[in-house]
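These numbers come from a predicted model, not from an experiment.
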Amino acid sequence: MELLNVYQNNYLIVFVFLCLGILLPVVALFLGKLLRPYKPSAEKYTTYESGIDPFHDSRVQFNVRYYIFALMFVIFDVETVFLYPWAVAYDKLGVFALIEMVLFVIMLLIGLVYAWKKKVLRWI
């Protein structure tokens, strides 16, 4: 019976945190909507372009290559962050970690060569 109470208490704690995780943002958003000033005007709905009047539609179509280039940068930047903990703990990890990291870097290089062959890394 004691084990059942501990089991139920664990679910009760999760339920309380789930309710708080839902309730607090909803209350904060409601209070923000309630307390903010609301004075709509035509100027507030125009597109801001460095202080001058907009002269064309703000929805400009961009080449998808810029997005892919930025995504490739983020992927390789995040993957490089994984090298830091390995370098710090290299003495304790031994040869197995070296082999794992060499495989990891080889997989990154394969991805880079693939992107290079597909001409994703060309800016123009």
Side-chain angles (χ1 to χ4, degrees):
M1 187 66 176
E2 180 68 28
L3 185 62
L4 183 63
N5 287 338
V6 171
Y7 189 67
Q8 288 175 341
N9 281 341
N10 287 340
Y11 276 108
L12 181 65
I13 291 170
V14 170
F15 180 72
V16 167
F17 275 102
L18 182 68
C19 289
L20 284 174
I22 292 171
L23 187 66
L24 288 177
V26 169
V27 168
L29 288 172
F30 176 72
L31 286 176
K33 185 174 182 171
L34 190 68
L35 297 175
R36 75 176 180 217
Y38 181 70
K39 296 177 184 175
S41 65
E43 285 98 20
K44 288 185 181 181
Y45 291 118
T46 60
T47 305
Y48 178 76
E49 291 186 10
S50 304
I52 61 174
D53 291 331
F55 50 86
H56 59 77
D57 192 16
S58 63
R59 294 174 298 230
V60 179
Q61 206 171 27
F62 286 100
N63 192 346
V64 74
R65 186 170 302 180
Y66 301 127
Y67 171 73
I68 293 174
F69 195 84
L71 192 61
M72 292 289 295
F73 171 75
V74 168
I75 288 171
F76 283 104
D77 192 44
V78 168
E79 298 299 334
T80 325
V81 170
F82 290 139
L83 294 173
Y84 182 73
W86 171 79
V88 169
Y90 176 70
D91 289 340
K92 299 173 189 169
L93 298 175
V95 177
F96 180 72
L98 177 64
I99 295 169
E100 289 290 324
M101 193 50 65
V102 167
L103 290 173
F104 178 72
V105 171
I106 287 172
M107 285 192 293
L108 284 178
L109 287 175
I110 289 171
L112 183 63
V113 168
Y114 177 76
W116 196 314
K117 293 284 186 187
K118 290 288 187 176
K119 298 185 180 172
V120 172
L121 300 178
R122 289 189 54 182
W123 189 252
I124 295 175

(message) Restricting to side chain to side chain contact (heavy atoms under 4.5 Å, CB included), what partner residues turn up for Lys117, sequence neighbours left out?
(response) Val113

(message) For the CG atom of Leu24 and the CG atom of Leu29, what is their distance to the nearest 0.5 Å?
(response) 11.0 Å

(request) Starting from Ile13, walk the hydrophobic network (Ile, Leu, Val, Met, Phe, Trp, Tyr; side-chain heavy atoms closer than 4.5 Å) and list everyone else you reach, by chain and number. (result) Phe17

(request) Answer with yes or no whether the hydrophobic clustering places Phe104 together with Val102; edges join I, L, V, M, F, W, Y residues whose side-chain heavy atoms lie under 4.5 Å apart. (result) yes

(request) Under the side chain to side chain contact (heavy atoms under 4.5 Å, CB included) rule, collect the residues that match up with Leu23, sequence neighbours excluded. (result) Val27

Could you pull out every donor-acceptor pair under 3.5 Å between side chains of residues 68-87 and any protein atom, sequence neighbours left out?
{"unit_1": "Thr80", "atom_1": "OG1", "unit_2": "Phe76", "atom_2": "O", "d": "2.3"}
{"unit_1": "Trp86", "atom_1": "NE1", "unit_2": "Ala97", "atom_2": "O", "d": "3.3"}

(message) Return the CG to CD1 distance between Leu103 and Ile110, rounded to the nearest 0.5 Å.
(response) 9.5 Å

(request) Only counting residues at least two apart or in another chain, list the ones meeting side chain to side chain contact (heavy atoms under 4.5 Å, CB included) with Pro40. (result) Tyr38, Tyr45

(request) Report whether Ile106 and Leu112 are members of the same hydrophobic cluster (ILVMFWY, side-chain heavy atoms less than 4.5 Å apart, transitive linking). (result) yes

(request) Flag yes if Leu98 and Leu109 sit in one hydrophobic cluster, no otherwise; membership is Ile, Leu, Val, Met, Phe, Trp, Tyr, and two members link when side-chain heavy atoms are under 4.5 Å apart. (result) yes

